[in-house]
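For clarity, every value in this text was computed on a predicted model and none was experimentally measured.
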Amino acid sequence: MRRNERLAKIRKLDGRHIPVLIIGGGINGAGVFRDLAFNGTACLIIDKSDFCSGSSAAPSRLIHGGLRYLENGEFRLVSESTRERNLLLRNASHVVKPLRTTVPITTWMSGLIPAALRFLHLSNATGARGAGIVKAGLLIYDWLGRREKVLPNHYMMGKQASLQHLPLLRDDIVATATYYDALVTHPERLCFEVISDGMSENPSCQAFNYMSVTGQNDGKIQLLDEISGTTVSITTDIICNTAGPWIDKVNARLGRDTAYIGGSKGSHVVLDNE
């Protein structure tokens with residue numbers, strides 16, 4: 001969109017009533033935007049920077065079904081996640097690819113008691129997971145992922161076959177388990193295409209990046225175009241805050257004091273694998 005065309009469209013927003021305002025153009029906001037557009041609801045999505053420039057631009061690249069949540073008994077979550085993974089593999093195969101994952105296993109039956117306690121929410125302790133636990137978990141994972149199925153089922157190999165297949169594995173394993181999830185190669189492209197789908201489906205839906213919320217007064221939401229400095233006011237029925245780590249900052253600008261965002265910790269291993 002050219003600068004003058006963009007500015008003209010922004011000025012037309014001033015004084016308008018838009019049923020739904022979505023703040024935050026990551027994949028969550030983009031998904032809400034697309035769903036509303038396809039259901040015939042006029043909406044506006046904005047982001048203070050580029051679309052998919054925050055958390056959605058820096059994921060682990062996994063599109064997974066939540067295998068680890070099985071230990072906590074969250075079967076509904078895993079069922080929903082695996083179905084969404086399968087749909088992405090079908091509908092966005094140019095950016096979402098199958099990912100084969102092999103897990104080395106060093107014991108046959110360890111981990112039964114800790115797994116049972118975690119399943120019953122009696123303990124958070126973890127430990128080595130033996131082949132029996134891994135096999136049971138992957139059977140359930142395959143079964144929950146049967147809707148819109150795209151990926152093969154898991155398989156297991158004994159020590160000798162595993163070392164023949166992957167000779168650099170440590171030699172104290174008893175078996176390996178291989179299962180399939182997916183990865184996204186270009187999350188920014190996926191996010192942009194989701195927003196583009198919504199705009200193509202429903203002309204009453206609009207998307208502007210480099211636009212931020214500056215405040216709220218008498219039910220009117222003030223929006224700032226970060227490029228031109230132009231400000232406009234709109235009214236809306238629903239505000240959907242999908243600003244990720246900036247949720248509380250956005251709420252503060254809207255007059256709400258919240259503390260939804262806290263610390264989190266994740267571990268990633270980066271390998272030099274040509």
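By the 4.5 Å heavy-atom criterion applied to side chains, I23 and C240 are not counted as neighbours. Contact annotation: the side chain of D237 approaches that of H17 to within less than 4.5 Å [non-hydrogen atoms, C-beta and beyond]. In this structure the side chain of R16 never reaches within 4.5 angstrom of the side chain of L44, judged on heavy atoms. Side-chain atoms of K9 and L13, non-hydrogen and from C-beta on, never get closer than 4.5 Å to each other. The side-chain heavy atoms of V96 and N91, taken from C-beta on, include no pair separated by under 4.5 Å. Between L144 and L70 the shortest side-chain heavy-atom distance falls below 4.5 Å. Two residues are said to be in side-chain contact when any heavy atoms from C-beta on lie closer than 4.5 Å; Y180 and T101 fail this criterion.
The salt bridge (Lys or Arg N to Asp or Glu O under 4.0 Å) test applied to D248 returns no partner, not counting sequence neighbours. By the side-chain contact (heavy atoms from CB on, under 4.5 Å) test, S55 is found to be paired with P245, residues two or more places apart in sequence or in another chain being considered. For A175, the side-chain contact (heavy atoms from CB on, under 4.5 Å) criterion is met by W108, not counting sequence neighbours. Residues passing the salt bridge (Lys or Arg N to Asp or Glu O under 4.0 Å) test with R170, sequence neighbours excluded: D172.
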When the side chains of residues 218-225 are checked against the rest of the protein, which donor-acceptor pairs come out under 3.5 Å, sequence neighbours left out?
from : atom 1 : to   : atom 2 : distance (Å)
Q222 : OE1    : Q216 : N      : 3.4
Q222 : NE2    : K220 : O      : 3.3
D225 : OD1    : R6   : NE     : 3.4
D225 : OD1    : R6   : NH2    : 2.6
D225 : OD1    : I227 : N      : 3.3
D225 : OD2    : S228 : N      : 3.3
D225 : OD2    : S228 : OG     : 2.5

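Using a 4.0 Å cut-off between charged side-chain N and carboxylate O, E80 and R76 make no salt bridge.
Residues T242 and I22 approach most closely at OG1-CG2, 3.6 Å, considering heavy atoms. Across every non-hydrogen atom of A30 and V194, the tightest pair is O-CG1, 3.3 Å. Closest approach of R85 to I63, counting heavy atoms only: CG-O, 3.4 Å. Among all heavy-atom pairs drawn from A207 and F51, the shortest one is CB-CZ, 3.9 Å. The two atoms that bring Y141 and G66 nearest to each other are OH-N, 3.6 Å, heavy atoms only. Considering every non-hydrogen atom in both G26 and S56, the closest pair reads CA-OG, 3.6 Å.
In this structure, D181 contributes its side chain and L62 its backbone to no donor-acceptor pair below 3.5 Å. In this structure, the side chain of N39 does not engage the main chain of T41 through any donor-acceptor pair within 3.5 Å. When atom types are taken as modelled, the side chain of K159 and the backbone of D171 share a donor-acceptor pair closer than 3.5 angstrom. Put simply, the side chain of S162 gets close to the backbone of G158: a donor and an acceptor are under 3.5 Å apart.
Taking CZ from F33 and CG from D197, the interatomic distance works out to 10.0 Å, rounded to the nearest 0.5 Å. Separating the CD atom in E201 from the CG atom in L36 is a distance of 12.5 Å, to the nearest 0.5 Å. Here I133 contributes atom CD1 and E71 contributes atom CD; the two are 7.5 Å apart, rounded to the nearest 0.5 Å. The distance from atom OG of S200 to atom CZ of R34, rounded to the nearest 0.5 Å, is 10.0 Å. Between the CG atom of L139 and the NZ atom of K135 there is a distance of 5.0 Å, given to the nearest 0.5 Å. Rounding to the nearest 0.5 Å gives a distance of 9.5 Å between CD1 of I173 and OG1 of T106.
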Should T178 and R100 be marked as a side chain to side chain contact (heavy atoms under 4.5 Å, CB included) after you check the CA-CA gap, both sets of side-chain angles, and the distance that decides it? CA-CA 7 Å; T178 299; R100 185 178 65 186; 3.3 Å; yes
In sequence, state the C-alpha distance, the side-chain angles, and the governing distance for V184 and R61, and then conclude on side chain to side chain contact (heavy atoms under 4.5 Å, CB included). CA-CA 5 Å; V184 57; R61 295 295 196 266; 4.2 Å; yes
Decide yes or no on side chain to side chain contact (heavy atoms under 4.5 Å, CB included) for C52 and F192, but give the supporting numbers first. CA-CA 8 Å; C52 196; F192 178 80; over 6 Å; no
Please test H165 against T176 for side chain to side chain contact (heavy atoms under 4.5 Å, CB included), starting from the C-alpha separation and ending with a verdict. CA-CA 10 Å; H165 183 62; T176 59; over 6 Å; no
Given the rule in the side-chain hydrogen bond (donor to acceptor under 3.5 Å, both in side chains) test, do R11 and T230 qualify, once you have shown the distances and angles that lead to the verdict? CA-CA 8 Å; R11 285 174 174 165; T230 301; 4.7 Å; no
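The number of heavy atoms from other shown groups lying within 6.0 Å of NZ (K249) does not exceed 12. Enclosure of atom CZ in R90 by more than 12 non-hydrogen atoms of other residues, nucleotides or ligands within 6.0 angstrom is indicated. Within 6.0 Å of CG on D257 lie no more than 12 heavy atoms contributed by other residues, nucleotides or ligands. Other residues, nucleotides and ligands contribute more than 12 heavy atoms inside 6.0 Å of the NE2 atom of H154. Shown here is K12, whose NZ atom has no more than 12 heavy atoms of other residues, nucleotides or ligands within 6.0 Å.
Within the structure, salt bridge (Lys or Arg N to Asp or Glu O under 4.0 Å) pairs that include any residue of residues 36-52 do not occur (at least two apart or interchain).
L151 and L88 fall within the same hydrophobic cluster, defined by Ile, Leu, Val, Met, Phe, Trp and Tyr side-chain heavy atoms under 4.5 Å apart, directly or through other members. A chain of hydrophobic side-chain contacts below 4.5 Å, direct or via other Ile, Leu, Val, Met, Phe, Trp or Tyr residues, connects V78 to Y179. Linking Ile, Leu, Val, Met, Phe, Trp and Tyr whenever their side-chain heavy atoms come within less than 4.5 Å leaves L89 and L87 in two separate clusters. Side-chain heavy atoms closer than 4.5 Å link hydrophobic residues (I, L, V, M, F, W, Y) into clusters, and following such links, possibly through other members, connects V20 to V32. A single hydrophobic cluster is not seen to contain both M199 and L190; linkage of ILVMFWY side chains at heavy-atom distances under 4.5 Å, directly or through other members, places them apart.
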